[in-house]
Chemist: 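There's a structure below that I have some questions on.
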Amino acid sequence: MEGNNDNNNTREKEIKEEKEMGSSSNSMMHRSSSRPQLDLTGAAIQGNFEERNPTILLPNQSDDISHLALDIGGSLIKLVYFSRHEDNPADDKRKRSIKKRLGISNGNRRSYPILGGRLHFVKFETRKLNECLDFISTKQLHVGGIDSPSYSSRLLTDENAIIKATGGGAHKFADVFKERLGVSIDKEDEMDCLVAGANFLLKAIRHEAFTHMEGQKEFVQIDHNDMFPYLLVNIGSGVSMMKVDGDGQFERVSGTNVGGGTYWGLGRLLTNCKSFDELLELSQRGDNKNVDMLVGDIYGGLDYSKIGLSASTIASSFGRTISESKELSDYRPEDISLSLLRMISYNIGQISYLNALRYGLKRIFFGGFFIRGHAYTMDTISFAVQFWSKGQAQAMFLRHEGFLCALGAFMSYEKHGLDDLMAHQLVERFPMGAPCVDGKIHGPPLVDLNEKISWMEKFMQKGTEITAPVPMAPPPGTTGVGGFERPFSMGGTLRSDSSASLNIGVLHLVPTLDVFPLLADPKMYEPNTIDLADRSELEYWFTVLSEHLPDLVDKAVASEGGTDDAKRRGAAFARAFSAHLRRLMEEPAAYGKLGLANLLEMREECLREFQFVDAYFSIKQRENEASLAVLSDLLMELDSMKEDARLLALIEGVLAANIFDWGSRACVDLYHKGTIIEIYRMSRKKMHRPWQVDDFDAFSKRMLGSGNEKPQPHKRALLFVDNSGADIVLGMLPLARELLRRGTEVVLVANSLPALNDVTAMELPEIVAEAAKHCDILRKAAEAGGLLVDAMVNIQDGSVENTASVPLMVVENGCGSPCIDFRQVSSELAAAAKDADLIILEGMGRALHTNYNAHFKCDALKLAMVKNQRLAEKLVKGNIYDCVCRYEPSR
Ligand SMILES: Nc1ncnc2c1ncn2[C@@H]1O[C@H](COP(=O)(O)OP(=O)(O)O)[C@@H](O)[C@H]1O
Ligand SMILES: CC(C)(COP(=O)(O)O)[C@@H](O)C(=O)NCCC(=O)O
Ligand SMILES: [Mn+2]
């Protein structure tokens, strides 16, 4: 019933939206169901309509909250809340026609009342319960739960409002919640929640678990079919150890009262620290040999090698203090904190190992906020497990370490469908978070754009004092612990203690994402070609992206009319993106496994966060127009050639036109030296075979055959197009036309959202319609593919007969990035792929930075010009402007 209600509301809204937006031909005024989501409903031009680049206001970009779950622990309160991001994509005509053609319907999907939104993670200290209540109340998180028929119809005073909560505080503070917020707490069992949260994370988040040894973080891909049994050790105030055998199947096998509360409590008494982070930070400058009794202290500086103990092994934590007539004040707080941290971490590691041994478990996952993503704590625990198990058991940590119970409580809401989510339907984003100074949260997370901008401005004024979204210290060389038993002092300031430290982001739930069905081996697939775990690569790309930033800001600001507002947003964007870059330089694995594609996508996301709709909009339009003006000459020239020469000219054309890339420093410098057409001609002239990677002959043989043998044409080709202007108009469209002419259906696959000067799926129908004015093949195919239904084509020869023709279609890829990750594509692309037997990936982002080494179940052609000297040297042992034509027949 609820689902139906929801659908009706949705449809009504859609119709209303269509009415409001239907007459607009402005292709920017759309929103996409794909990731990343940008709510453009109600978008309105601000100021003068005659302006070339007017500012567009997005009034509905805020989040609409639907519900929340809590874990109220002895030390910390953890909140997981869901913001419903109304996701009723305005079905544009292209979408409707493609859905019809590919047989995609919404009807057969299970209805997910809460999907299509975002999960947020926030924590507060339990002793500051009031701050937490203020937060919930300010954001109205307690209003409108999942069981409510309409999210927004609930009133603050609703007597029946319920919040799921777990942890001791769910019992202890139930009355306070009723009193302050008028809500009842629905208590969930803590252990059930802990295990449910851990199982969900391990299944649904790709890079959730990682090992941490000697400062090195490595993500572990958990096989869903081989996940159980495992030992789950939750280090909160106290410690619980659970043997987990399956969903809902577990036993609490052990625990210890020496846990996070012990470290924080004892540490506070012994050092007078005012916060947990202060205590942890002290430990980083400590030397435990001043406090601990070492083997060497007992054995006169010697190892006890017979039983494998070196002189620096701790024989007795704090043992040294008994032999000295010193007072507490004679010891350095730094040394005390480190000894305490080591004592507790070793002890937990050791007990965990013993329990793993007891039940024959090889994998131990550690959660709880004691860990706090702290390198040294993790190294110590890992060392203990490794040492005692002689390498037989493995310690792993979880990125959402402290949120397991809260997530489990959240999952206990019925009917939300969350447990059915798959890894490919979750996208993690890292928006600028809560304002947080000195580890304290000051006010609610920043969702309002203005708030975010002033926060970024304030950050500029106060430098490192404000710690929310930025690294606190210059990047240290390593987190290294070196020789383990006698650790180095661990330099570097601890990052601020809140979700604002951006270690975990916001989880977008996007049920319309799918794994690309033509991947040869989805489990083995890794999109990135360049591994940024290699420090020199990271530093190189960091420099490239940093140097490109001023120019990008100029373009973005100009694209929105150059107003003061745009300038402010531009500056805030630059600060935010630089902060992300610096953060990642400091800790490359901070946001999960990092590849170049993630950095390039993050830049686009960051632009969107500061509401830059399409930074290259006018450049794209200008280049489209210039290229369309010479298209008919090019088509005539091509038509005068023989089939084999034409195929070569077409591929050359694609490679030559790929030079129009506003993301490449070298290319942008070139554009000052001539007009688009001059540069295009120059680029074509330089197309000498053999190219640096040259499988053209094999491709040509598959297409044209050899001798008398004429191969079957491909049934359907997916063309992953790249840039606007010459690239699409003079490169990919003529190639598409050739395939159509040979009887192959063509699907142009383009971005869902803008990224640099890439052409988007929304823009393509208009470009195709313009091109179709010059070409019968394109016109008929576009008509057959439903692309010209309402494009106002002024057909030159006047014939509009509906002859049977293979169709030309357009689908969106689900991305807003210059690269493509085939584990997460739009469902319409996945549907289009079902009948495809050829894919053509074009451009550096899609064919080189990502997917260069990817294998597919069908024939694959990868075409790109290498527009970066370093990449050319590394990847193809060549030089900038060399070309790649890589052909791999189906596997
Ligand atoms: N900001 C913080 N304030 C207090 N304790 C913290 C903080 N950050 C990490 N901790 C550590 O985390 C422990 C609490 O972990 P958590 O998983 O939240 O357990 P609980 O549910 O028992 O509160 C504390 O005892 C302390 O060791
Ligand atoms: C962002 C890009 C991958 C886009 O290239 P495309 O996919 O359009 O061919 C590329 O411009 C790039 O890698 N640029 C950074 C390197 C440089 O400026 O040299
Ligand atoms: Mn591009």
Side-chain angles (χ1 to χ4, degrees), residues 71-78 123-128 166-169 190 194 234-240 259-268 275-280 341 344 367-374 377 401-406 439-441 494 496-498 530 540-541 543-545 547-548 551 596-597 599-601 603-604 616 620 655 657-669 720-725 727-728 750-751 754-759 817-820 841-850 863-872 880:
D71 168 19
I72 312 177
S75 308
L76 298 168
I77 305 177
K78 280 73 62 176
K123 68 178 189 280
F124 295 87
E125 288 183 43
T126 307
R127 62 190 169 126
K128 294 179 189 160
T166 187
E190 191 168 342
L194 179 66
N234 192 55
I235 319 178
S237 308
V239 185
S240 282
T262 320
Y263 174 59
W264 176 206
L266 257 183
R268 199 176 68 83
S275 74
F276 177 86
D277 274 13
E278 196 185 333
L279 179 67
L280 200 52
L341 182 64
I344 290 165
F369 270 127
F370 167 70
I371 296 167
R372 211 208 158 294
H374 189 238
T377 307
E401 52 182 24
F403 287 104
L404 308 188
C405 290
K440 293 181 211 104
I441 294 175
L494 202 68
S496 92
D497 178 33
S498 90
I530 292 167
Y540 174 75
W541 289 102
T543 312
V544 166
L545 294 184
E547 285 177 359
H548 186 232
D551 185 48
L596 182 53
L599 280 185
L600 292 168
E601 181 170 31
R603 180 168 69 180
E604 302 299 332
Y616 289 86
K620 292 196 291 183
L655 295 171
N658 193 235
I659 201 166
F660 293 98
D661 165 13
W662 284 87
S664 152
R665 170 89 178 261
C667 292
V668 173
D669 288 345
F720 290 79
V721 298
D722 182 7
N723 303 322
S724 305
D727 197 339
I728 178 70
N751 262 23
L756 291 167
N757 60 322
D758 290 359
V759 67
S817 148
C819 300
I820 187 164
L841 294 173
E842 190 230 347
M844 205 159 135
R846 292 168 190 83
L848 302 184
H849 289 333
T850 49
L863 298 173
M865 178 186 276
V866 197
K867 289 153 290 189
N868 174 280
Q869 179 62 27
R870 184 183 165 105
L871 188 76
I880 189 164

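Quick note: numbers below take in every heavy atom, side chains included, and nothing from hydrogens, waters or symmetry partners. Start at 1 and go down the list; that is how both ligands and their atoms are numbered.
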Chemist: Nearest 0.5 Å please: distance from the CG atom of Asp71 over to the OG1 atom of Thr166.
Modeler: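 Reported to 0.5 Å precision, the distance equals 6.0 Å.
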
Chemist: Under 3.5 Å between any N/O of Asp722 and any N/O of ligand 2: does that happen in this structure?
Modeler: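 Asp722 vs ligand 2: N/O contact under 3.5 Å present.
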
Chemist: So, taking the atom named CD1 in Ile77 and the one named OG1 in Thr126, what distance separates them when rounded to the nearest 0.5 Å?
Modeler: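 The distance works out to 5.0 Å.
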
Chemist: Could you tell me whether Phe369 approaches ligand 1 through its side chain, its backbone, both or neither, with non-hydrogen atoms closer than 4.0 Å?
Modeler: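 Both the backbone and the side chain of Phe369 come within reach of ligand 1.
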
Chemist: Mind checking whether Asn658 contacts ligand 2 via backbone (N, CA, C, O), side chain (CB onward), both or neither, at a 4.0 Å heavy-atom cut-off?
Modeler: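 Only the side chain of Asn658 comes within reach of ligand 2.
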
Chemist: Judging by distance only, is a nitrogen or oxygen of Ser75 under 3.5 angstrom from one on ligand 1?
Modeler: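 Yes; at least one N/O pair falls below 3.5 Å.
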
Chemist: For the Mn ion (ligand 3), what is the closest N, O or S atom on Asp758?
Modeler: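 Within Asp758, restricted to N, O or S, the Mn ion (ligand 3) is closest to atom OD1.
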
Chemist: Show, in sequence, the C-alpha distance, side-chain angles and deciding distance for Ile728 and Phe660, and conclude whether the side-chain contact (heavy atoms from CB on, under 4.5 Å) test is met.
Modeler: CA-CA 10 Å; Ile728 178 70; Phe660 293 98; over 6 Å; no

Chemist: Could you say whether the N/O atoms of Gly260 and ligand 1 ever approach to under 3.5 Å?
Modeler: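 Yes; at least one N/O pair falls below 3.5 Å.
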
Chemist: Side chains of Leu341 and Phe370: does their closest heavy-atom pair fall under 4.5 Å?
Modeler: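 When only atoms from C-beta onward are counted, Phe370 and Leu341 do touch, with a gap below 4.5 Å.
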
Chemist: Output yes when the distance from some N or O of ligand 1 to some N or O of Leu76 is under 3.5 Å, and no in every other case.
Modeler: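 Yes, since at least one N or O of Leu76 sits under 3.5 Å from an N or O of ligand 1.
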
Chemist: Atoms of ligand 1 less than 4.0 Å from Trp264 heavy atoms?
Modeler: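 Answer for ligand 1: 4 (C), 5 (N).
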
Chemist: Test your reading of the structure: does Arg603 have an N or O sitting under 3.5 Å from an N or O of ligand 2?
Modeler: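 No, no N or O pair falls under 3.5 Å.
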
Chemist: Show the numbers, then the answer: is there a side-chain contact (heavy atoms from CB on, under 4.5 Å) between Val544 and Arg665?
Modeler: CA-CA 8 Å; Val544 166; Arg665 170 89 178 261; over 6 Å; no

Chemist: Which ligand 2 atoms does Leu756 reach within 4.0 Å, using its non-hydrogen atoms?
Modeler: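 Under 4.0 Å from Leu756, ligand 2 has these atoms: 1 (C).
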
Chemist: Could you check which N/O/S atom of Asp722 is closest to the Mn ion (ligand 3)?
Modeler: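 Checking each N, O and S atom of Asp722, the shortest distance to the Mn ion (ligand 3) belongs to OD1.
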
Chemist: Heavy-atom distances under 4.0 Å are what count here, so tell me which part of His849 touches ligand 2: side chain, backbone, both or neither.
Modeler: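 For His849, the contact with ligand 2 is made by the side chain alone.
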
Chemist: Does Gly238 offer a backbone N or O that forms a donor-acceptor pair with the side chain of Thr262 under 3.5 Å?
Modeler: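 Between the backbone of Gly238 and the side chain of Thr262 there is no qualifying donor-acceptor contact (under 3.5 Å).
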
Chemist: Which ligand 2 atoms, with their elements, are less than 4.0 angstrom from a heavy-atom of Gly843?
Modeler: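 Reading through ligand 2 atom by atom, the close ones are 7 (O), 9 (O).
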
Chemist: Rounded to the nearest 0.5 Å, what separates atom CG in Leu756 from atom CG in Asp722?
Modeler: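 So the CG of Leu756 and the CG of Asp722 are separated by 9.0 Å.
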
Chemist: With a heavy-atom distance limit of 4.0 Å, tell me whether Asp727 approaches ligand 2 through its side chain, its backbone, both, or neither.
Modeler: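 For Asp727, there is no contact with ligand 2 at all, from either part.
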
Chemist: How far is atom 18 (O) of ligand 2 from its nearest protein heavy atom, and which residue and atom name does that atom have?
Modeler: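 Protein heavy atom with the smallest distance to atom 18 (O) of ligand 2: Arg665 N, 2.9 Å.
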
Chemist: Could you walk me through whether Tyr263 and Leu280 pass the side-chain contact (heavy atoms from CB on, under 4.5 Å) check?
Modeler: CA-CA 9 Å; Tyr263 174 59; Leu280 200 52; 3.8 Å; yes

Chemist: Using a plain distance cutoff, I'd like to know if Ala666 has any nitrogen or oxygen under 3.5 Å from a nitrogen or oxygen of ligand 2.
Modeler: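 There is no such contact.
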
Chemist: Could you tell me whether any N, O or S atom belonging to Asn723 is less than 2.8 Å from the Mn ion (ligand 3)?
Modeler: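 So Asn723 does bind the Mn ion (ligand 3) by this criterion.
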
Chemist: Where is the tightest heavy-atom contact between Asp661 and Val668, given as atom of each residue plus distance?
Modeler: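 Taking Asp661 first and Val668 second, the nearest heavy atoms are O-CG2, 4.1 Å.
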
Chemist: State the atoms of ligand 2, each with its element, that fall below the 4.0 Å cut-off from a heavy-atom position in Val544.
Modeler: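 Numbered from 1, ligand 2 contributes 15 (C), 16 (C), 17 (C), 18 (O).
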
Chemist: If the plane angle is over 60° it's perpendicular, under 30° parallel, otherwise tilted; pick one for Tyr616 and Trp662.
Modeler: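 Aromatic pair Tyr616/Trp662 classed tilted.
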
Chemist: Report, in ascending order of atom number, the atoms of ligand 2 lying under 4.0 Å from any heavy atom of Trp541.
Modeler: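 Checking each atom against Trp541, I get 15 (C), 16 (C).
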
Chemist: Flag Gly261 as yes when one of its N or O atoms lies below 3.5 Å from any N or O atom of ligand 1, and as no otherwise.
Modeler: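 It does: an N or O of Gly261 is found under 3.5 Å from an N or O of ligand 1.
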
Chemist: Between Phe276 and Leu76, does the side-chain contact (heavy atoms from CB on, under 4.5 Å) criterion hold? Intermediate values first, please.
Modeler: CA-CA 11 Å; Phe276 177 86; Leu76 298 168; over 6 Å; no

Chemist: Evaluate Gly845 for polar contact with ligand 2, using N/O atom pairs at a separation under 3.5 Å.
Modeler: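 Yes, Gly845 has an N/O under 3.5 Å of an N/O on ligand 2.
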
Chemist: In terms of atom number and element, which parts of ligand 2 are under 4.0 angstrom from non-hydrogen atoms of Lys867?
Modeler: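 It comes down to these atoms of ligand 2: 6 (P), 9 (O), 19 (O).
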
Chemist: Taking 4.0 angstrom as the limit and counting only heavy atoms of Asn868, give me the atoms of ligand 2 inside it, by number and element.
Modeler: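 Near Asn868, the atoms of ligand 2 are 16 (C), 17 (C), 19 (O).
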
Chemist: Would you indicate whether Arg870, at its atom CZ, is surrounded by more than 12 heavy atoms from other residues, nucleotides or ligands within a distance under 6.0 Å?
Modeler: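 Result for CZ/Arg870: enclosed.
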
Chemist: What closest approach, in Å, do Pro754 and Lys620 show between heavy atoms, and which atom pair accounts for it?
Modeler: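 What the structure gives for the nearest pair is CB-NZ, 4.2 Å.
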
Chemist: Using the side chain to side chain contact (heavy atoms under 4.5 Å, CB included) definition, which of the options Met844, His849, Glu601, Arg846 pairs with Cys819?
Modeler: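 So the option named by the test is His849.
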
Chemist: Examine ligand 1 and decide if any of its atoms is less than 4.0 Å from a heavy atom belonging to Gly402.
Modeler: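 No, Gly402 has no heavy atoms under 4.0 Å from ligand 1.
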
Chemist: Can you name the nearest heavy-atom pair linking Leu871 to Asn868, along with the distance?
Modeler: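 The pair with the smallest heavy-atom distance is N-OD1, 2.8 Å.
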
Chemist: OG/Ser240 to CG/Leu404 distance, rounded to the nearest 0.5 angstrom?
Modeler: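 Answer for the OG-CG pair, Ser240 versus Leu404, is 11.5 Å.
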
Chemist: Tell me whether Lys867 contacts the main-chain N or O of Asn658 through its side chain, where contact means a donor paired with an acceptor under 3.5 Å.
Modeler: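 Between the backbone of Asn658 and the side chain of Lys867 there is a qualifying donor-acceptor contact (under 3.5 Å).
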
Chemist: Is Lys123 close to ligand 1, meaning an N/O of one under 3.5 Å from an N/O of the other?
Modeler: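 No.
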
Chemist: Using a 4.0 Å heavy-atom cut-off, say whether Leu871 meets ligand 2 through its side chain, its backbone, both or neither.
Modeler: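 Neither; nothing of Leu871 gets under 4.0 Å from ligand 2.
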
Chemist: Number the atoms of ligand 1 from 1 as they appear, then name those within less than 4.0 Å of a heavy atom of Gly368, with their elements.
Modeler: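 Heavy-atom distances to Gly368 below 4.0 Å select 17 (O).
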
Chemist: Find the distance between CG (Leu266) and CD1 (Ile344) and round it off to the nearest 0.5 Å.
Modeler: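 Rounded to the nearest 0.5 Å, the CG-CD1 separation comes out at 6.5 Å.
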
Chemist: What part of Lys78, side chain from CB on, backbone N/CA/C/O, both or neither, has a heavy atom under 4.0 Å from ligand 1?
Modeler: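 Answer for Lys78: side chain.
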
Chemist: Which of the numbered atoms in ligand 1 are below 4.0 angstrom from a heavy atom of Gly73?
Modeler: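 Atoms satisfying the 4.0 Å criterion: 20 (P), 21 (O), 23 (O).
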
Chemist: If the cut-off is 4.0 Å to any non-hydrogen atom of Asn723, which atoms of ligand 2 fall inside it?
Modeler: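 It comes down to these atoms of ligand 2: 8 (O).
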
Chemist: Is there a polar contact between ligand 2 and Gly663, counting only N or O atoms under 3.5 Å apart?
Modeler: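 In this structure, Gly663 places an N or O atom under 3.5 Å from an N or O of ligand 2.
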
Chemist: Only heavy atoms count here, so choose which of Phe403, Phe370, Phe276 is nearest to atom 26 (C) of ligand 1.
Modeler: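 The nearest heavy atom belongs to Phe276.
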
Chemist: What is the closest protein heavy atom to atom 11 (O) of ligand 2, and at what distance does it sit?
Modeler: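 For this ligand atom, the closest protein heavy atom is Asp661 OD2, 2.6 Å.
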
Chemist: Would you give the length of the straight line joining atom OG of Ser75 to atom CZ of Phe369, rounded to the nearest 0.5 angstrom?
Modeler: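 That separation rounds to 11.0 Å.
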
